Each structure stands twice: as C-alpha cells, then as structure tokens.
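Worksheet for the structure shown next.
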Number of protein chains: 2
Amino acid sequence: MAKGVLPNPSATRARILDTATSLFYERGVHAVGVNEIAATAGASKLSLYRYFPAKTDLVRAMLSEHSDRIHAWLDRNTASATGPDRVLAVFDLLTQWFAQPGYHGCAIVNGVTDTRADPEVAAIARAHLHRYHTLLEDRLSGLGIEDPRALSRQLLLLIEGASVVVTIEGTTDAGADARAAAAALLASSAKAAGTCEIVRESARHEATRQVAPHLPTQPPSPAGPR
Amino acid sequence: MAKGVLPNPSATRARILDTATSLFYERGVHAVGVNEIAATAGASKLSLYRYFPAKTDLVRAMLSEHSDRIHAWLDRNTASATGPDRVLAVFDLLTQWFAQPGYHGCAIVNGVTDTRADPEVAAIARAHLHRYHTLLEDRLSGLGIEDPRALSRQLLLLIEGASVVVTIEGTTDAGADARAAAAALLASSAKAAGTCEIVRESARHEATRQVAPHLPTQPPSPAGPR
DNA sequence: ACCCGACAGTACCGATCGGTACTGTGACAG
DNA sequence: CTGTCACAGTACCGATCGGTACTGTCGGGT
C-alpha cells in the first residue's frame, strides 16, 4: 500500500473537493457540471474521476466532510461556556454563521433537496441532525432540565428553522429570534426545584439580551467553518 | 378579449401546471424536463410554451399557486378554534400535513433551493413567510400575549424547522415536537395578569397532549392541499 | 539512464437539455 | 364549405450534460 513518499498524494483530491463544495453550495448540484469543477480546480477530468468515480460521490464526500467540519467547529467553540450559556452559546455561534456574507442555507439541507432520491445523502443528513441532538443534550446536562431529550428536539427545530428563514428573508433576524426562543424554552423547561431557579432566572435574563457578547471564533465560510 | 365560447379555455394550462407541480415537487426542478412535463400532461410543447414562455415561468406559477393554496387551507381550517387552540390548531394542521405520505418538505423552500438565483422565486418565498406571520399574529391576538410579533416569529421558526426535520428524519415526530414547543412558548409568553392565567394554564395543559384530537379536513396532497 | 505513476489538457461519446418550427386534426363560426 | 382557432405530435436545433479514452509531460525512485 505504501508508495514511498507521495509529494502531494491527495492535494489534488482536496483541491477538487474544495472547488466542488464551493460551486455546489453556490449554485446547486444540478447547476454545476463536472467539467466546470475540474477546470476551476485546475484539474483534469481524469483526476476528478480517479478520486470520485461519479458526480454523486463528490456530493457525498462534500456533505460528509461538511458535517464533520460544522460539528467540530460547534463543539470546539461551545465547550467552555457554563450554565445556560452552554446551550445559548450554540445559538450565538449559529447566528454568527448565518450572518456570514454568502450564506444561503445549510449545505446539507440544500444537498438533500438537490439529490432527492439518494439514500446515502439522506443518511448523511440524518446523522447530521443526530449530531445536533448529541451536542444539545450534552449542553443541556446538569442544568436541571426535566426532559433534555424533548427540549433538544425542540431546539433543533429552532436551529433548522432559523437557517431556512434567514435564507429566505435575506436578513439575520431569525438567528436572534431562535436564540430568544431557545432561552424562553430553556427557562420554562428548568425544573421548579434545586438549582433550576438560578438557571431559570439566568435564562430569563439572557432572553432579553440582544446580541452575542463575544465572537469566539472566525465565523465559518459560506460552506462551513474552515 | 372575449372569444365567444371557449370549451376549455385554460384547462390545458391547468393540466400542464398540475403536472409540473407534481413532477417538480417529486424530483426537483432540474431533474424534470419540459418534454416530460408536456408528455405526462398529455400536451404538446407548443401548448406548454404558449402558457409558460419559459420553464422558469412554470416554476413561478407553481410556487405562487402553491402558496395561495396552502394559506387558504390553513386559514380556512384554523379560523373556528378559540383560545390558545387558535394558534395550536395551526400546528395540528401542519403536523397532519407533514404526515402525508409522499411529503418531503415545503414545496416553496425546495423551489428556492432548486432555483437559487431567481429573485422572483425568492420574492414569492418571502411573501409566503410573511403570510405565515400574518396568520400567526392574527391567531395570537386577544390571548394577552406580550409581544405577538416576536412570538409569531419564533413560531415560524418551529414551523419551518419541523418541515425540514420531518423530511430529513423520515418520521413525523418533529411535528409533535413543534406543537409542544409552541405550547410552551405560548404559555411563557402570556402576560402575568388578566386572562393570561387562563391561557397559560390552558396552554400548559395543551403542551402535554399527544396528538390532534380531530382531523378537521382532508390532509393536503404532497404538493399542498387541494 | 530508465521507468512509472500522477497529472493537465483535450477530443470525444451518447444522451438529454430548453426552446423552436412545422405538421395534421378536430371543433366551431361564418 | 371554408375560415380560424387550440391542440397533439414530431422533428429538429445548438448547447451542455456525465463519463471515457487518449494524449503528452513532469518528477521522483531505482
């Protein structure tokens, strides 16, 4: 298997995949041809088809990599917060992402719409949502939430809804709306005993806040965080 | 203008538009050719291009008509409820719609994704969301809500989010989740004085309900209510 | 020196795309 | 009977699609 030293064994592959990701996100899978991808990437179609036997494989690789990148970015940049901020930091980060110039929807949701019948793409998208649940449930733990699973499902609706609404409305208002709704749900979902009062009060206070106080990282690129 | 008696002046147009709506929704705008639309509709391309000078016009007409149909259906079937049910009935109806076999996302959101650059399609989609706000704000009036506009924006996120999540997950759970979240937001958004306690208590009770008690209408077709 | 794999470039394939043009036909009006 | 109209059917256009095949070239390993 080892071929000695490969100077840039798959730099070409990465270049092609990056180009495809960008073009697919910008104009849609069906509106971009493999010729254009290869030409824009400065690669030959032979190279493209060596690494991606079919156009679909390019789409799958793009969505899979995108999902990895988004969740690594989300996880990395919301791990340090404490209390209700642990959850709301996720919404701050997403709001920041949605405000990126050139943002027009979650690449994974768009990809599912573009390739309606592909079960593998559908599986990637399902796994993507599942990762959101995992993240949210983790961030909800220890907050005295009655039913973290149910709440995380509701928060996911806010995330996906905000992504869609931001894209259609062309403004970023929906990001802040989602954060406010998340704070309200968080407050009303905290148990009525123990530390919950602190959480509830804190969340209630958070709900009135306008914008994220700090910008923890460089916002993700249109296609996702780098 | 009047041409005497037209036996079926635009029955052909309607047949073409219906066929296009169905095919576009099923497989996406780019995956369906005008040849197939004409053939499936039992029409000639000449007829198709007489009523729709370009494929884009077909898409625009489809989305515009779809938006009209959906909102007429939503308005008609949620007008009679009273109290917090006025709002939650919207979610019941939507949940019912999402559970339709063959449902895979809002046709308008899908259409925006399919035709990313078309500003006219984008305008139709914005108007579609605006209609949701109008509906929700009306249904929220008289419930003692502090900020109906802000709450209606949050509820819209739940609606669009549920549509996306239902489509990706392949189950209808997200519809019920959206309803539960809406009830929670409704409860926590009711003012602390006046009739609000009734609303709040009622909403709290509603939040524990499992499914819609009554199916007021025939559910909409995959592409929307008939 | 030799070879070999990775590569860009290009020509090409059949199929299909959106859109146009031209038939033939059947229904109705005069 | 003879217009005229809407219509279905079909042939056709240039362009582009996804995918294949074949060049020539460069660089590094032996």
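Computed from a predicted structure; not experimentally measured. Values below: every heavy atom of this structure, side chains too, minus hydrogens, waters and symmetry copies. To find a chain, count down the sequence lines: A is the first, B the second, and so on, and within it residues start at 1.
- Residue B:Arg50 is the one, among B:Arg50 and A:Gly33, whose nearest nucleotide of DNA chain D lies closer to the 5' end (criterion: closest heavy atom).
- As a whole-Å value, the separation of A:Lys55 NZ from D:dT16 C1' is 11 Å.
- The phosphate of C:dA6 has neither OP1 nor OP2 within less than 4.0 Å of any side-chain N or O from A:Arg15.
- Rounded to an integer number of Å, the gap from NE2 of A:His30 to P of C:dG18 is 12 Å.
- A:Arg149 CZ: 12 or fewer foreign heavy atoms inside a 6.0 Å radius.
- A:Ile16 has its CD1 atom 15 Å from the C1' atom of D:dG19, to the nearest Å.
- In this structure, B:Asp57 atom CG and C:dG19 atom C1' are separated by 13 Å, rounded to whole Å.
- Atom pair B:Glu36:CD and C:dA15:P shows a separation of 17 Å (rounding to whole Å applied).
- Summarising the geometry, the separation between CG on A:Leu58 and C1' on D:dG19 is reported as 13 Å, rounded to the nearest angstrom.
- Residues in residues 94-115 of chain B take part in these salt bridge (Lys or Arg N to Asp or Glu O under 4.0 Å) pairs, two or more places apart or across chains: A:Arg116-B:Asp114.
- A heavy-atom distance below 4.0 Å to DNA chain D is reached by these residues of residues 38-48 of chain A, ordered by number: A:Lys45, A:Leu46.
- Heavy-atom minimum distance, B:Ser47 versus B:Ala43: CB-CB, 4.4 Å.
- The interatomic distance linking B:Tyr51 (OH) with C:dG19 (C1') rounds to 18 Å, in whole Å.
- A pairwise comparison of heavy atoms in B:His104 and B:Thr167 identifies C-OG1, 3.5 Å as the closest pair.
- Salt-bridge check for A:Asp75 with A:Arg139: passed, with a basic side-chain N closer than 4.0 Å to an acidic carboxylate O.
- Nucleotide D:dC22 holds its C1' atom 17 Å from the OH atom of A:Tyr49, rounded to whole Å.
- Residues satisfying the ring pair (Phe, Tyr, Trp, His ring centres under 6.0 Å) criterion with A:Tyr132, sequence neighbours excluded, are A:His71, A:His128.
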